[in-house]
Amino acid sequence: MLTSGIIREKRDFVIEKLKVKNFDATEITAKIIETDTRRRDIQVRADSLMSEMNRISKVIGKLYAENKKAEADAARARTGELKEEIKELSLKRAEAEDLLNELLVQLPNLPHESVKPGKGENENETIREGGKMPAMSEDALPHWDLIKRYDIIDIELGNKLTGAGFPVYKGKGARLQRALINFFLDEGEKAGFSEILPPVLVNEESGFGTGQLPDKEGQMYHVTEDNLYLIPTAEVPITNIYRDVILEEEQLPVMNMGYTQCFRREAGSWGAHVRGLNRLHQFDKVEIVVISHPSKSYETLDMMLKHVEHLVNLLELPYRVLRLCGGDISFTSALTYDFEVWSAGQKRWLEVSSVSNFESFQSNRLKCRYRDKETKQNQLVHTLNGSALALPRIVAALLENNQTPRGIRVPAALIPYTGFDIID
RNA sequence: GGAGAAAUGGCAGAGUGGUCGAAUGCGGCGGUCUUGAAAACCGUUGAUCGUUUACGCGGUCCGGGGGUUCGAAUCCCUCUUUCUCCGCCA
């Protein structure tokens, strides 16, 4: 969330910026400023009352020590009234604080200056393309046919065991998953990321820290019995490691990555675009998460982009990189690049990675700061994350783009991991 | 799941109702000494909210929440976590 400070000091700027995200902040920022002012006013009054109370208490203590009971009792006369007032003010302050938080949480992050306005995904801007388009005949099969032909991923069986969106990987299909996970982790390590294997269930605080709660509650599976949530991405546990943490400046950047299974309810998503592996309730993903010095976070974003590009290149997939426009970028992000790979069977682009800089939007919620060497002040860090990569659509594209009459060719970089060079 | 013990600053560890934000040690930072370093010695060293042009000043925080009291790290309730013992278990 944004800080109340920036809204107080640069309200017009905030309103202007949020227009890029098609968000009208006029009314809510006014409420925020009003609530914030009220909160501070209450605190000033409460503080001075408490100060007086402390003073009187000390005097009483001294009087008792000197055995001056009568004077002590006289001093106590006023305390009841003070106590009453303090109680009342604290309640009001808590109320104002809660309301302020409620309001702040509703404001999206400010978009970076390079983000252009736009209604939706059609207005995203392609900033880079790479890879070679596969030479395919018109009748290239979509992956949902290929997985059946080679019996490597079983959607129906997943239906039997669990329900729609929970496929079962078998034989070379299972091995391919394992190969991709190890490949991504090994490449991540080479790029300087430390591996984390976090829990896939998190508590409410974590959900709030990264912004899934309270607004996007329906996205996550909720284990009500224990009030835990199945993670929709490794971003949640890995970023929350740094909740309430103050880092030393020289520790930055903190570069972590983790493989986890991811769980998404995706309530209400149906249609042709979600067929096969295109959208699942459970899938595998390696996520990279970086905590960066605020002045370096856009360099960090570029570094992460290069890493993802490197992965896609090694997998020999044709890709393009999009800079999301204001209408498509997420609530929490300041700047997001999407990676899409071409799928020859479906003849369309599939999103396989989303790399974002959240600036201090997440860290403000997380209270993750670093101690500035020069000023000795604690400052909010910038957080970034990206998929590197999400498996299902990568698998879909690999299968579709590499289909041959003899079977499905495995890209060279993966063969050491799969142990086979063809799926047949 | 049952019984007991505990939770204090970066770490270790005192403190059981009145200048306690908290002794002491270690660590960190600054300094003296030294050609340099070590040792020794001296000083300093938490977070957070508010206020102030500023120097400052005030409030809150001793696992979380609530309570008793003029006053709580200290007493009471509750939750969480850790340790020990028992049970169960991959």
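Letters go in sequence order (proteins before strands), and every chain restarts at 1.
Distance NZ (A:K367) to C1' (B:C61): 12 Å, rounded to an integer number of Å. With rounding to whole Å, A:E248 atom CD is found 14 Å from B:A47 atom C1'. One can place CD of A:E205 at 13 Å from C1' of B:U81, the figure rounded to the nearest angstrom. Taking atom CG on A:N364 and atom P on B:C49, their separation rounds to 10 Å, with Å as the unit. We find that CG of A:L247 is positioned 14 Å from P of B:G10, with the value rounded to whole Å. Taking atom CD of residue A:E204 and atom C1' of nucleotide B:U80, one finds them 14 Å apart after rounding to whole Å. Atoms CG (A:D41) and P (B:C49) sit 18 Å apart, rounded to a whole Å. Rounding to whole angstrom units, CD of residue A:E249 and C1' of B:C29 are separated by 16 Å.
Among the atoms of the strands shown, only primed sugar atoms or phosphate atoms (P, OP1, OP2) are found under 4.0 Å from some heavy atom of A:R369.
In this structure, A:K172 is positioned above the aromatic face of A:F420, its NZ or CZ under 6.0 Å from the six-membered ring centre and within 45° of the axis.
To the nearest whole angstrom, the two P atoms, one in B:G28 and one in B:C83, are 29 Å apart. Nucleotides B:A3 and B:C75 have their P atoms positioned 22 Å apart, rounded to a whole Å. Comparing B:U74 with B:A14, their C1' atoms are spaced 13 Å from each other, to the whole Å. The C1' atoms of B:U45 and B:C26 are separated by 13 Å, rounded to the nearest whole Å. Atom C1' of B:U80 sits at a distance of 10 Å from the matching atom of B:G65, rounded to the whole Å. Taking atom P on both nucleotides, B:U52 is separated from B:C61 by 24 Å, rounded to a whole Å. Comparing B:C62 with B:U8, their C1' atoms are spaced 4 Å from each other, to the whole Å. Straight-line distance between the C1' atoms of B:G71 and B:U16: roughly 16 Å, to the nearest whole Å.
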Exercise. Is there a side-chain contact (heavy atoms from CB on, under 4.5 Å) between A:M303 and A:M255 once you walk through the steps?
Worked result: CA-CA 11 Å; A:M303 177 275 291; A:M255 293 170 63; 3.7 Å; yes

Going by atom type alone, with no hydrogens or angles, which donor-acceptor pairs under 3.5 Å involve a side-chain atom of residues 84-106 of chain A and a protein atom two or more places apart or on another chain?
residue	atom	partner	partner atom	Å
A:S90	OG	A:I86	O	2.6
A:Q106	NE2	A:E102	O	3.2

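Scored by the side-chain hydrogen bond (donor to acceptor under 3.5 Å, both in side chains) test, A:R243 finds A:S206, A:N240 as partners (sequence neighbours excluded). For A:D186, the side-chain hydrogen bond (donor to acceptor under 3.5 Å, both in side chains) test picks out A:Y417, with sequence neighbours left out.
Between the side chains of A:Y370 and A:Q251, no donor N or O sits under 3.5 Å from an acceptor N or O. With 3.5 Å as the limit, one finds a donor-acceptor pair spanning the side chains of A:E359 and A:Y298. Residues A:Q212 and A:Q219 have side chains that never bring a donor and an acceptor to within less than 3.5 angstrom of each other.
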For this session: Produce a footprint string for nucleotides 68-77 of chain B: one letter per nucleotide, 5' end first; B if the base is under 4.0 Å from any protein heavy atom, S if only the sugar-phosphate is, - if neither.
Result: -BBS------

Problem set entry | Sequence-aligned protein contact record of nucleotides 51-60 of chain B, with B where the base is within under 4.0 Å of a protein heavy atom and S where only the sugar-phosphate is | S------BSS

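Pairing analysis of RNA chain B (Watson-Crick: purine N1 to pyrimidine N3 plus N6-O4 or O6-N4; G-U wobble: N1-O2 and O6-N3; both under 3.5 Å) yields stems of 3 or more pairs at B:1-7 with B:80-86, B:10-12 with B:24-26, B:27-32 with B:40-45, B:46-51 with B:56-61, B:63-67 with B:75-79.
Within 6.0 Å of CD on A:E123 lie more than 12 heavy atoms contributed by other residues, nucleotides or ligands.
Under the side-chain contact (heavy atoms from CB on, under 4.5 Å) rule, A:V355 has a single partner from A:I288, A:V321, A:L301, which is A:L301. Of the candidates A:I408, A:L414, A:I181, A:L176 forms a side-chain contact (heavy atoms from CB on, under 4.5 Å) with just one, namely A:L414.
Considering every non-hydrogen atom in both A:P416 and A:A413, the closest pair reads CD-O, 3.5 Å.
Between A:I329 and A:N109 the shortest side-chain heavy-atom distance does not fall below 4.5 Å.
For A:D36 and A:R371, each mapped to the nucleotide of RNA chain B holding its nearest heavy atom, the one lying further toward the 5' end belongs to A:R371.
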